[in-house]
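Have a look at the structure below before the remarks.
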Amino acid sequence: MRDGQNFIINGSERLSPQDETTWSLPGAVVGFASWLLALGIPFLVYGRNTLFFFLYTWPFFLALMPVAVVVGIAFHSLLNGRLLFSLLTTIALVVAIFGLLFLWLMG
């Protein structure tokens, strides 16, 4: 015979709140919303002339969308699912990245 033990799994063992994982959907939504917010800021500053600037530079700003989503997921995970803190930090970082790219393309 083998040397082993028989374990009966009956589902009575529940995960404690510390063992639960943080889902990535709220972080992804926060990242996408912050990207949309950052996309709207140049329209508030420069008005309709921003469309002519985006005519040739849209791939750069579109490439920031997955970056913003990943940043939102990372901050939401690192801050243990605290939505308010992850929202504020994600918005701050994505707007800063967006602004840096905008300034770099402006010359």
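Fair warning: this is a prediction, and the values are worked out from it, not measured in the lab. Residue indices begin at 1 and follow the sequence shown.
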Going from CZ on Phe53 to CE on Met106, what distance comes out if it is rounded to the nearest 0.5 angstrom?
6.0 Å
d(Thr89 OG1, Leu84 CG) to nearest 0.5 Å is 9.5 Å
Going only through I, L, V, M, F, W and Y residues with side-chain contacts under 4.5 Å, is there a path from Trp58 to Tyr56?
no
Inter-residue atom distance Phe54.CZ - Leu62.CG, 0.5 Å rounding
11.0 Å
Could you tell me whether the side chain of Trp35 and the main chain of Ile91 form a donor-acceptor pair under 3.5 Å?
no
If only atom types and distance count, is the side chain of Ser77 paired as donor or acceptor with the main-chain N or O of Ile73 below 3.5 Å?
no
Is any side-chain heavy atom of Leu83 less than 4.5 Å from a side-chain heavy atom of His76?
yes
Phe75 CZ to Arg82 CZ distance, which is reported to the nearest 0.5 Å:
13.5 Å
Minimum heavy-atom separation for Pro66 to Ala63, with atom names?
CD-O, 3.4 Å
Can you confirm whether or not the ring centre of Phe102 sits under 6.0 Å from the ring centre of Tyr46?
yes
Using side-chain heavy atoms (C-beta onward) and a distance below 4.5 Å, is Leu93 in contact with Ile97?
yes
Residue Phe85 excluded, over 12 heavy atoms near CZ under 6.0 Å
no
Do Leu37 and Phe98 come close enough that some side-chain heavy atom pair is under 4.5 Å?
no
Shared hydrophobic cluster, Val94 / Val70 (ILVMFWY, side-chain heavy atoms < 4.5 Å):
no
Flag yes if Leu79 and Val71 sit in one hydrophobic cluster, no otherwise; membership is Ile, Leu, Val, Met, Phe, Trp, Tyr, and two members link when side-chain heavy atoms are under 4.5 Å apart.
no
Scanning both residues in full, the closest heavy-atom pair of Phe32 with Val69 reads N-CG2, 4.1 Å
Of all heavy-atom pairs linking Thr90 and Gly31, the shortest is CG2-CA, 3.9 Å
Is a side-chain donor or acceptor of Thr50 paired with a backbone partner of Gly47 at a separation under 3.5 angstrom?
yes
Would you say Trp104 ends up clustered with Leu39 if hydrophobic residues are merged whenever their side chains have heavy atoms under 4.5 Å apart, either directly or through other cluster members?
yes
hydrophobic_cluster_shared for Leu88 and Val29, side chain cutoff 4.5 Å:
no
